[in-house]
Amino acid sequence: MDNQAYYRIQDQDGCDIDSTDYPLLINCAGVNALSRPFTTWRPHGRHDYYLMYVSQGELTLYLHGHETVFQAGQFVIFRPGCATRYSKSDHKAMTYYWIHFTGSAVPEVLVDCSIQAETRYDAGVSQQLIDDFHRLFDNFLYRDQYLQPAAAALLVLILVRLRRKAEGQLKKPTDVTPERISQSLAYIHKHYSQAITIRELAELEHLSASRYSALFRACMGQSPQSFIIDLRLRMAIELLQRTDLTVKQVAHTVGYDDQLYFSRLFRSRKGVAPSHYQQHFTELISP
């Protein structure tokens, strides 16, 4: 892989900018692929934030005055004004992806993503993440009127993906994450109004029914059956609020042919009958 760099402002000298004109603004981004020794040392850091994600090999960074070896899959974010020093002492292949960004909402975004600056995280090597970086690069190639919002959206996606994967690396066993049951979750959301069996959900994840049920509960905090009921009732509430469908029609739409059973279930979960809920909501929005 060749080194690549993409700049919001074509003049490279304009890429290190601290700006609050936008909530989130990417100054530049790229990937460095090197197989020779080098050292980068910025004693005063940069004016913007600096994300580094090592995807291959090792890179030595200085964090809080100490040498820290970053291996493939690990990442860090440096704050503006933070001294940045990193080096490579061998001739082995090493690749890292980088993004320089700024904006008024950056501190809030980092808090929302549970990312602390100058902290090493291990997200693991992920082709999905690498593809995200290259999608970001593509937007700098297009350079149309949507560059700024598209790049900002992709940065948030990358930050969230990095943090989720870092959390996944810490969990034992590693399969106890919603991603492990993603196919069946997608199936449930698509077919919630139909009869769904545990067996068919388990087959989607190549698990036995008992193993799937246990894994689902570990991931989602409830059984598959309870999850489906909650999803149906959430959709029922949407229909009661946003349409003029009768309670019987709503019940049928979310998967219940028996209106009385639906009403009892709704009352037991929501504390009020669906007809009363609909009437109360209608009164609230009436002029």
Side-chain angles (χ1 to χ4, degrees), residues 111-115 123-124 126 128-129 132 153 156-282 284:
V111 169
D112 288 344
C113 293
S114 300
I115 296 176
S126 165
Q128 191 177 39
L129 269 168
D132 290 338
V156 172
L157 172 65
I158 288 170
L159 293 175
V160 170
R161 187 106 66 194
L162 283 167
R163 196 63 183 92
R164 279 179 171 169
K165 289 188 177 296
E167 287 184 357
Q169 291 287 102
L170 296 174
K171 291 182 178 179
K172 300 296 180 183
T174 56
D175 65 346
V176 183
T177 66
E179 287 186 0
R180 179 62 183 86
I181 55 172
S182 60
Q183 291 190 68
S184 57
L185 280 174
Y187 183 88
I188 289 171
H189 279 272
K190 195 172 183 179
H191 303 283
Y192 68 89
S193 64
Q194 304 171 17
I196 301 175
T197 67
I198 301 300
R199 180 177 297 239
E200 62 185 307
L201 294 175
E203 288 176 352
L204 287 172
E205 308 295 358
H206 306 289
L207 297 168
S208 67
S210 59
R211 173 58 183 151
Y212 174 79
S213 294
L215 182 59
F216 191 100
R217 185 179 290 276
C219 293
M220 307 305 295
Q222 61 185 142
S223 69
Q225 299 93 328
S226 181
F227 182 87
I228 292 170
I229 291 172
D230 282 347
L231 178 58
R232 286 179 168 184
L233 294 183
R234 284 199 301 273
M235 298 309 298
I237 287 174
E238 284 289 315
L239 293 173
L240 290 170
Q241 290 180 351
R242 301 179 185 276
T243 73
D244 58 356
L245 294 176
T246 66
V247 171
K248 182 177 182 179
Q249 290 171 327
V250 168
H252 180 76
T253 301
V254 301
Y256 296 104
D257 292 330
D258 187 337
Q259 179 187 342
L260 292 178
Y261 176 75
F262 167 73
S263 296
R264 288 197 298 269
L265 187 62
F266 192 100
R267 181 191 289 274
S268 68
R269 296 269 180 144
K270 304 302 177 182
V272 62
S275 56
H276 292 162
Y277 178 91
Q278 187 178 46
Q279 180 180 1
H280 178 66
F281 184 81
T282 302
L284 287 177

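Residue numbers count from 1 along this sequence. In what follows, every heavy atom counts, from backbone to side chain, and hydrogens, waters and symmetry copies are set aside.
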Give the minimum heavy-atom separation between Tyr192 and Ile228, together with the two atoms involved. O-CG2, 4.3 Å
Tyr212: ring-ring contact (aromatic ring centres under 6.0 Å, His included) partners, not counting sequence neighbours: Phe216
What residue pairs, at least two apart or across chains, pass salt bridge (charged side-chain N to carboxylate O under 4.0 Å, His left out) with a residue in residues 251-265? none
Work out which heavy atom in Leu159 is nearest to a heavy atom in Cys113; give both atom names and the distance. CB-SG, 4.0 Å
Can you name the residues that form a ring-ring contact (aromatic ring centres under 6.0 Å, His included) with His191, not counting sequence neighbours? Tyr187
What residues, two or more places apart in sequence or in another chain, satisfy side-chain contact (heavy atoms from CB on, under 4.5 Å) together with Asp112? Glu108
Listed by chain and number, what are the side chain to side chain donor-acceptor pair (under 3.5 Å) partners of Ser268, not counting sequence neighbours? none
Can you list the residues that meet the salt bridge (charged side-chain N to carboxylate O under 4.0 Å, His left out) rule with Arg161, with sequence neighbours excluded? Asp132
Not counting sequence neighbours, which residues clear side chain to side chain donor-acceptor pair (under 3.5 Å) with Gln259? List them please. none
Residues at least two apart in sequence or cross-chain that pass side chain to side chain donor-acceptor pair (under 3.5 Å) with Ser114, listed by chain then number, are none
With sequence neighbours left out, what residues match Arg199 under salt bridge (charged side-chain N to carboxylate O under 4.0 Å, His left out)? none
Can you name the side-chain contact (heavy atoms from CB on, under 4.5 Å) partners of Ala186, sequence neighbours left out? none
Contacts of type salt bridge (charged side-chain N to carboxylate O under 4.0 Å, His left out), residue Glu238, not counting sequence neighbours: Arg242
Do you know which two heavy atoms are closest between Leu204 and Gln183, and how far apart they sit? O-NE2, 3.7 Å
Flag the pair Arg232 / Leu265 as yes when at least one side-chain heavy-atom distance between them is below 4.5 Å, and no otherwise. no
Quick check against the 3.5 Å criterion: does Ser184 have a side-chain atom that pairs as donor or acceptor with the backbone of Ile181? yes
The side chain to side chain donor-acceptor pair (under 3.5 Å) partners of Thr246 (sequence neighbours excluded) come to Gln249
